**Q** 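If you scroll down you'll find the structure; I have some questions about it.
We're numbering straight along the sequence, starting at 1. We use all heavy atoms of the structure for the numbers below, so side chains are in, but hydrogens, waters and symmetry mates are not. Remember, it's a predicted structure, so these values are computed and weren't measured experimentally. Counting starts at 1 for both ligands and their atoms, following the listed order.
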Amino acid sequence: MNTSKLIDGKAASARVMQRVREDVDRLRADGIFPALAVILVGQDPASQVYVRNKILRAEEAGIKSLEYRLSEETSQAELLKLIADLNADKAVNGILLQLPLPEHIEETRALQAIAPGKDVDGFHSENVGGLSQGRNVLTPCTPSGCMHLLEETCGDLCGKHAVVIGRSNIVGKPMAALLLQAHCSVTVLHSRSINAKALCQQADIVVAAVGRPRMIDEGWLKPGAVVIDVGINRIDEHGRSKLVGDVDFDSALPHVSAITPVPGGVGPMTIAFLMKNTVTAAVQQAHAQRVSPEAACLSIS
Ligand code: GUN
């Protein structure tokens, strides 16, 4: 395998985490102690793993984590009350509500209840709108991580044709907005797109976020394209369970100039950018309270 084509998300996330740790150290020395509240409602097994990892990584970065594990039966009113309390708590800088929520809770209502300045997922409409207007707001972690990998791999993205496959609120739409902000020409493909494959073949950059194992093979890719695979799909193959992306990695590899593996590509970037957003939120709140503005000199742009 030509490993020089591999985009190493583990190494990139370690570099981001190192800078977050340095920023946290500086803030703590100035009396600012970044804290992240993580709320999990119910017992979804994948969510439990994600939440455990988020809390472990927060500790690694010196960020205080507050864990709220609520039962599946928690009412919407109880959840909204907890979010309101966390919004009002000056010691809490970021609030992460793990998705999916149980069906009896309205996702939009719960996400909109989080104060935009503490919305480290960037899912509140104030932040979504701010991103689309190019304002300096908290942006969703997975697309931010993808942008970081693309900028490290390609340098300036200006003028490149980027194709985003998938239009979810968590990845596809914010990814398209970030690419547009970086002056790419952006095409968003989805399940109703006509000639999706032909359109994708024109892309310099492909971001696949569809949730369908190995859907994108070499036939979708222009020679020399840069491919970011956001998919994490568990499949059974030859009697074994394994994780694969939305891109058929073995088929794509000979045709691309760079590609993220699954696992070890985009996955580790999401948590690193959650930590980065938590620090950014802490700094912005300190500014708003006029606490030690010198402490707000972050090393991360
Ligand atoms: N569930 C799957 N991905 C995410 C994410 O990025 N943020 C939250 N809050 N929940 C998720």
**Q** Under 3.5 Å, which donor-acceptor pairs do the side chains of residues 90-101 form with other protein atoms, sequence neighbours left out?
**A**
unit_1	atom_1	unit_2	atom_2	d
N93	OD1	A35	N	2.8
N93	ND2	Q285	OE1	2.9
Q98	OE1	K54	NZ	2.7

**Q** Would you please test R15 and Q18 for side-chain hydrogen bond (donor to acceptor under 3.5 Å, both in side chains) and show each step?
**A** CA-CA 5 Å; R15 289 191 291 274; Q18 174 62 27; over 6 Å; no
**Q** If you apply the rule side-chain hydrogen bond (donor to acceptor under 3.5 Å, both in side chains), what do you find for D44 with S47, and how did you get there?
**A** CA-CA 5 Å; D44 181 74; S47 293; 2.9 Å; yes
**Q** Would you say the side chains of Q43 and E72 form a donor-acceptor pair under 3.5 Å?
**A** no
**Q** Taking side-chain contact (heavy atoms from CB on, under 4.5 Å) as the definition, give me every residue that meets it alongside N169, ordered by chain and number, with sequence neighbours left out.
**A** K173
**Q** So what's ligand 1 close to, N/O to N/O, under 3.5 Å?
**A**
unit_1	atom_1	unit_2	atom_2	d
ligand 1	1 (N)	Q98	NE2	3.3
ligand 1	1 (N)	L99	O	2.9
ligand 1	7 (N)	D121	OD1	3.1
ligand 1	7 (N)	D121	OD2	3.3
ligand 1	9 (N)	L97	O	2.8
ligand 1	9 (N)	D121	OD2	2.6
ligand 1	10 (N)	L99	N	3.0

**Q** Using distance only, find each side-chain donor-acceptor pair of residues 154-165 under 3.5 Å and give its atom names and separation, not counting sequence neighbours.
**A**
unit_1	atom_1	unit_2	atom_2	d
D156	OD1	C158	N	3.1
H161	ND1	Q202	O	3.2
H161	NE2	T187	OG1	2.8

